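Keep in mind that this is a model prediction, so the values were computed, not measured. Residue numbers begin at 1 in each chain, while the letters A, B, ... track the order of the sequences.
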Amino acid sequence: MSGRFRARDQVAIVGYAQSPVTRHADRSLGALTVETARAAIADAGLTPEQVDGFVTATLFPTSGAHAVVDGVSVVSADWLAARLNPNPRYAAGFSGLGQIPGSMALAVNAVAGGAAEHVLVHRALYNPAGSYHDTGAAEFRGGLQWTAPQGFFGPLAMMGMTYTEYVQRYGASREALAEVVVEARKNGARLPWSHWSGRPLSVEQYLAEPMLADPIGRLDCDIPVDGAAAFVLTTAERARDLPHRPVHVSGYATGAPPRRRLPAHWPLDDLMAAGATTAERLWASAGMGLDDIDLVQVYDGFSPLVYLWLEALGRCPVGEAHRYVRDGGIDSDRPGADPVLLSGGSLGNGRMHGVPQLLECYLQVSGRAGDRQRPGVTTALSCHSSPHLGGALVYSAQPGAGV
Amino acid sequence: MTSSGRPLPVPDPLSAPFWEAAARHVLTLSRCSDCGTLTHPPDVVCDACGSTDPRFTATPVDGRGAVRSWTVVRQSFLPGFADLVPFVLVDVQLVDPALAGQPDVRLVGRLLDGVDAPLAAGAAVRVAFEQLSPDLAVPAFELAAS
Ligand SMILES: [Zn+2]
């Protein structure tokens with residue numbers, strides 16, 4: 001059994017839209033998403049009646065006690081379809097982390113299998129009023145009974161423990177992690193839609209921020225936002241007749257299933273083992289290796305994940321990513337460097353959960369990045385979430401054989 | 001809610017034996033009746049042998065462990081912890097002889113020695129219990145002489 005993806009480069013992204021990313025939008029998340037979806041469909045040269053597939057992932061990543069209300073705090077595929085094309089052939093939602101590779105895989109498979117011809121993939125993120133993660137819960141059932149009463153709760157402590165392991169093993173400095181955040185904010189500051197537009201960060205500003213869960217400081221995690229993005233996918237054949245240069249999906253992979261652990265317990269070894277599996281599966285699926293990829297975009301919802309993805313993909317040996325970053329390895333303004341945060345990431349956009357990495361790959365391969373366009377990008381790779389719960393995608397300007 | 005103000009675990013059929021022992025300040029792991037593997041927490045299918053009827057028994061262990069990682073929590077999102085921050089959480093790999101040759105068993109809990117206690121990867125700890133209510137205690141850890 002080979003890991004080759006039989007639909008390799010047979011399905012393409014043909015249009016997109018990205019809403020402004022703000023702390024709190026001036027309209028409901030549902031309205032923002034409908035507008036963004038309509039813009040993406042128009043961008044692809046299509047009308048809503050032609051969109052016969054809808055896919056999303058609705059995860060609302062809060063540990064707090066916020067209500068999940070469709071159209072308000074999440075936007076499901078069914079909710080959006082009902083307002084754009086109430087008679088779709090396919091509507092599906094991905095559950096779990098790694099929402100972008102998860103929902104993109106559903107969409108690519110639906111198009112490749114003929115379940116739908118034009119599929120809209122969207123992601124809508126909501127920032128509730130009040131504290132994002134606070135809870136007043138007096139009792140915990142299920143998995144959280146093993147952690148929350150002991151004081152272990154929420155993503156900050158989770159990442160604090162993962163990153164302590166990295167720091168202890170490899171001697172990463174706070175100054176090196178500062179370079180990750182400063183790079184994300186530098187690139188994010190150049191994006192008109194970003195929450196951080198026009199607001200780069202200095203190393204000094206980063207270092208002045210307090211710790212929240214050592215060694216994770218306030219600026220090591222992305223800021224919650226309201227925002228929506230949408231992408232239109234169709235067959236490579238159909239894509240030839242549409243206005244923009246198509247970006248084909250060459251393959252995708254995850255490291256799943258993760259080893260069973262306590263909730264929010266992310267031992268470094270678990271992440272790295274699954275990361276190696278993800279990379280191996282990805283190269284087999286896409287028929288490419290890292291050397292064939294012109295642009296890599298890594299996930300950064302927590303800054304240390306940049307190191308872990310760089311190492312999982314093989315860009316640097318395990319334990320070396322902090323030095324690679326410290327030496328200017330990811331500086332988008334340095335010729336010959338590897339600008340893995342060109343998208344601005346989550347740290348430079350706001351908590352858009354993997355959208356920036358996908359968007360940047362699409363924009364660069366389709367030649368639509370404007371002032372930020374880099375020459376000669378014909379292949380790209382985006383990774384999302386953590387190496388053990390997320391996944392990665394490879395894209396190509398070239399359609400697959402037989403198209 | 002208790003006098004501590006901290007949230008409580010709600011025992012279920014799988015977890016009740018653990019919490020009953022914890023109330024007596026005894027740490028237990030769940031032993032699969034089919035393959036004998038110790039695990040924590042118990043699950044509906046045994047990770048080790050795939051048994052769909054593991055009939056777990058709560059097996060006392062001595063509560064010694066080695067610190068694999070830690071964090072200092074400076075902002076807690078839970079009720080009842082505001083007066084406790086900053087506090088240390090430790091990720092502990094239990095080292096009971098009964099676990100030799102088995103998949104690692106890890107617990108996460110507070111280190112009761114405080115934020116200034118010297119801590120390093122591999123540091124020896126032993127289990128301690130925090131009494132949250134008259135009939136409920138949760139595991140935590142203290143540094144031990146190695
Ligand atoms: Zn078993």
*Could you check which of A/R260, A/H133, A/R259, A/H265 has the highest count of heavy-atom pairs closer than 4.5 Å to chain B?*
A/R260

*Is atom CG of B/D135 surrounded by more than 12 heavy atoms (other residues, nucleotides or ligands) closer than 6.0 Å?*
yes

*Would you check, one step at a time, whether the test salt bridge (charged side-chain N to carboxylate O under 4.0 Å, His left out) holds for B/R68 with A/D269?*
CA-CA 11 Å; B/R68 293 290 300 267; A/D269 288 338; 3.3 Å; yes

*Heavy-atom neighbours of B/D116 CG exceed 12 at 6.0 Å*: no

*In terms of heavy-atom proximity below 4.5 Å to chain A, should B/L107 be classed as side chain, backbone, both, or neither?*
backbone

*Would you indicate whether the side-chain heavy atoms of B/V108 and A/M161 approach each other to under 4.5 Å?*
yes

*Who among A/G151, A/G142, A/G160 has the most heavy-atom pairs with chain B under 4.5 Å?*
A/G151

*Which pair of non-hydrogen atoms, one from B/V73 and one from A/A157, has the smallest distance, and what is that distance?*
CG2-CB, 4.3 Å

*In Å and rounded to the nearest 0.5 Å, what is the CD1 to CZ distance from A/I216 to B/R74?*
12.5 Å

_Do A/L156 and B/F77 have side chains that approach each other closer than 4.5 Å (heavy atoms only, starting at C-beta)?_
yes

*Which atoms form the tightest heavy-atom contact between B/P7 and A/A148, and what is the distance?*
CG-O, 4.4 Å

*Classify the ring geometry between B/W19 and A/W146 as parallel (under 30°), tilted (30 to 60°) or perpendicular (over 60°).*
parallel

*By a 4.5 Å heavy-atom criterion (distance strictly below it), what part of B/S15 contacts chain A: side chain, backbone, both, or neither?*
both

*Checking B/P139 against chain A: side chain, backbone, both or neither under 4.5 Å from a heavy atom?*
both

*What residue in B/G109, B/P41, B/P103 has the most heavy-atom pairs under 4.5 Å with chain A?*
B/P41

_For A/F140 and B/L78: C-alpha separation, side-chain torsions, deciding distance, then whether side-chain contact (heavy atoms from CB on, under 4.5 Å) applies._
CA-CA 11 Å; A/F140 283 92; B/L78 293 162; 3.8 Å; yes

_Quick check on the interface: out of B/W70, B/F18, B/F81, who has the most heavy-atom pairs with chain A under 4.5 Å?_
B/W70

_Largest heavy-atom contact set with chain A, pairs under 4.5 Å, which of B/V138, B/L14, B/D43_ = B/D43

*Do A/Q168 and B/S69 pass the side-chain hydrogen bond (donor to acceptor under 3.5 Å, both in side chains) test, and can you show the C-alpha distance, the side-chain angles, and the key distance before you say yes or no?*
CA-CA 9 Å; A/Q168 290 290 316; B/S69 192; over 6 Å; no

_Sorted by number, residues from residues 201-214 of chain A in contact with chain B (heavy atoms, under 4.5 Å)_ = A/M211, A/L212, A/A213, A/D214

*Atom group of A/T135 that falls short of 4.5 Å from chain B, counting heavy atoms*: both

*Shortest non-hydrogen contact from B/L8 to A/P149?*
C-CG, 3.9 Å

*Heavy-atom closest contact (B/R110 atom, A/Q150 atom, distance)*: CG-O, 3.3 Å

*Salt bridge check: are A/R261 and B/D91 linked by an N-O gap of less than 4.0 Å?*
no

